[in-house]
Number of protein chains: 4
Amino acid sequence: MDKTKEKEQAILKAARERFAQFGFNKSTMDEIASDVELGKASLYYYFPAKEDLFRAVIHHEQDEFVKAIEKILNQNITASKKLFLYVENRLEFFEELLNLGTLNVHSFSNTKSIYKSLFENFHYQELKLIQIIINEGKRKGEFKKHFLQIYRN
Amino acid sequence: MDKTKEKEQAILKAARERFAQFGFNKSTMDEIASDVELGKASLYYYFPAKEDLFRAVIHHEQDEFVKAIEKILNQNITASKKLFLYVENRLEFFEELLNLGTLNVHSFSNTKSIYKSLFENFHYQELKLIQIIINEGKRKGEFKKHFLQIYRN
Amino acid sequence: MDKTKEKEQAILKAARERFAQFGFNKSTMDEIASDVELGKASLYYYFPAKEDLFRAVIHHEQDEFVKAIEKILNQNITASKKLFLYVENRLEFFEELLNLGTLNVHSFSNTKSIYKSLFENFHYQELKLIQIIINEGKRKGEFKKHFLQIYRN
Amino acid sequence: MDKTKEKEQAILKAARERFAQFGFNKSTMDEIASDVELGKASLYYYFPAKEDLFRAVIHHEQDEFVKAIEKILNQNITASKKLFLYVENRLEFFEELLNLGTLNVHSFSNTKSIYKSLFENFHYQELKLIQIIINEGKRKGEFKKHFLQIYRN
DNA sequence: TATGAATGAGCCTTCATTCAT
DNA sequence: CATGAATGAAGGCTCATTCAT
């Protein structure tokens, strides 16, 4: 991994920790910059706006979550168990987002589309994962055939 | 109700709505003042600091919650049902606090005692309410005698 | 003394103490009002502006000083001793004015004439007192005839 | 001298002049910033708080005073004359502090230790200077051996 | 890449002053 | 006489963001 990517990761890590501990508004660019031993202005080279940094953190968390679920999918356990583990992980993830201040950032540039821009792709991935679990459950006879229909609308 | 108390209530209402929609930090005294058609300075006549306004809102919410639970206590239903309703209301209340930004106000004067100063008395009241439900359940034979011991220490 | 004059004196006393302890700017009308158990608005019935209250305090101090000097004049001591006592009192008085914040109130309405409006008459009185002492000294042969000429310009 | 130090000096100069003419409270950060053709916010880049700016001004004045005394010490004059010049300068310096509003800043963070934090080191230096003069006076026979004992305790 | 320096915009808070009652 | 209520104006401070180097 090149130097730039490394710095980027370090910033992301620092930002994640700040956001988690103090929330979005109470974490300043100055502090995050200090954490990674950069000048505040330098942060703007990697992330053109605080909002972008936040988005990156959220997406990173979403990726981690998806990876965790994929790992579960590959385990040799019943679909029911997988569904249970999914729900458990989902709750934890939601709590994390709370800590990051996601729900308090009502003040983004275009308020109405935060949710969309932050979660659109993520929800699509999530649905696919659930679908996989359900299909497996149906195939193995654990769930009834009409157990759950996603993509109905 | 006299004029002053009325204004105070109006301010509290406006503040509650602002906090609920935008969180503590993103709600400004200016906006809240505008909502009740007062100058910003006038707000300070009723509440000496933003934090005080916030405290007042939280305590109001806690009172509402306690009243709701007390109403449930007086209903002619089983203790189990009461316990269920309690939990349900409790969850809703928690969500409301989240919206108000309670959990994101890491920046109060003395960070360590926010929780204490905001919830101390409330928790005491809550324990009493739960105790009442449990006692009733035991008396009526719904719960076993050793169901739950509060105040054990 | 009627009730109004009494209140006025009480306010003056409170103001003097506040100014002496905290200076002009750091003494608020609210505090002074509280000290005499009046509403802030009521202060404005007696003194139409904070500046007026300040002026009144200063003038009161000046009167006290003049009275003290007059008392000295009437004592049965040498003119030299009187002159010495005068200087001593004068220094004390000056220090008091410092405490009241007189020298820091550069910010009155019309900056240039504060000094004038606050001290004009006082200086006139002062000169008269000194003149009396000097004349007495000359008359008694303590001072030479050309000791000091006031009113020269 | 680099640009930053220059700006810092310019700010210090502007602040000193403002404080001297209007006192601490009546000098605003906005005005001082304007004087050096900076935005108010930029002042905070150099001095994190108004109080810090004030402290810096005071310390600068103290340094100037000490330098002036040191210059006197090196002159080829009697110790008595040096002592006289010291007292003269000291009085002037005291007046300057008065003008800066030092004695009217009753409102610092921790009132009791302003004096300490502003003058502690300065007093130590002053004592050393006086000691030097006295020792010289004793050595040259100008002062009696028991003239003055500093550091007696 | 990196940053020192600068700032506009905004926020909380204070306070002398006013005025209807 | 007295004051509750209201406010304009101002001040200190913060912070995301920009830009020349």
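All values derive from a computational prediction rather than experimental measurement. Just so it is clear: chains get the letters A, B, ... in the order the sequence lines come, proteins before strands, and each one is counted from 1.
With sequence neighbours left out, B:E17 forms a side chain to side chain contact (heavy atoms under 4.5 Å, CB included) with B:K13. Taking the side chain to side chain contact (heavy atoms under 4.5 Å, CB included) definition, one finds that C:E31 meets it with C:R18, C:T28, sequence neighbours left out. Taking the ring-ring contact (aromatic ring centres under 6.0 Å, His included) definition, one finds that B:F65 meets it with B:F93, B:F122, sequence neighbours left out. Judged as a salt bridge (charged side-chain N to carboxylate O under 4.0 Å, His left out), and not counting sequence neighbours, A:E92 has no contacts. Residues satisfying the side chain to side chain contact (heavy atoms under 4.5 Å, CB included) criterion with A:S42, sequence neighbours excluded, are A:L38. Residues passing the side chain to side chain contact (heavy atoms under 4.5 Å, CB included) test with A:T4, sequence neighbours excluded: A:D2, A:E8, A:Y46. Residues meeting the salt bridge (charged side-chain N to carboxylate O under 4.0 Å, His left out) test with A:D30, sequence neighbours left out: A:K40.
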How does protein contact run along nucleotides 7-12 of chain F, one letter per nucleotide 5' to 3', with B for base contact, S for sugar-phosphate only, - for none, heavy atoms under 4.0 Å?
BB--SB
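Annotation: cation-pi pair D:K26/D:F19 absent, no NZ/CZ under 6.0 Å from the ring centroid and within 45° of its normal.
Atoms CZ (D:F47) and C1' (E:dA6) sit 16 Å apart, rounded to a whole Å. Between the CD atom of D:E6 and the C1' atom of E:dG4 there is a distance of 15 Å, given to the nearest Å. Going from atom CZ of A:R18 over to atom C1' of F:dC15 covers 15 Å, rounded to whole Å. For D:L53 and F:dC13, the CG to C1' distance is 14 Å, given to the nearest whole Å.
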Would you sketch DNA chain E in dot-bracket for me? Only Watson-Crick or G-U wobble pairs with both distances under 3.5 Å count, crossing pairs as [ ], other-strand pairs as |, the rest as dots.
.||||||||||||||||||||
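The 5' end of DNA chain F is approached more closely, in terms of each residue's nearest nucleotide, by C:T4 than by the other of D:P48 and C:T4.
Here C:Y46 lies in heavy-atom contact (under 4.0 Å) with sugar-phosphate atoms only.
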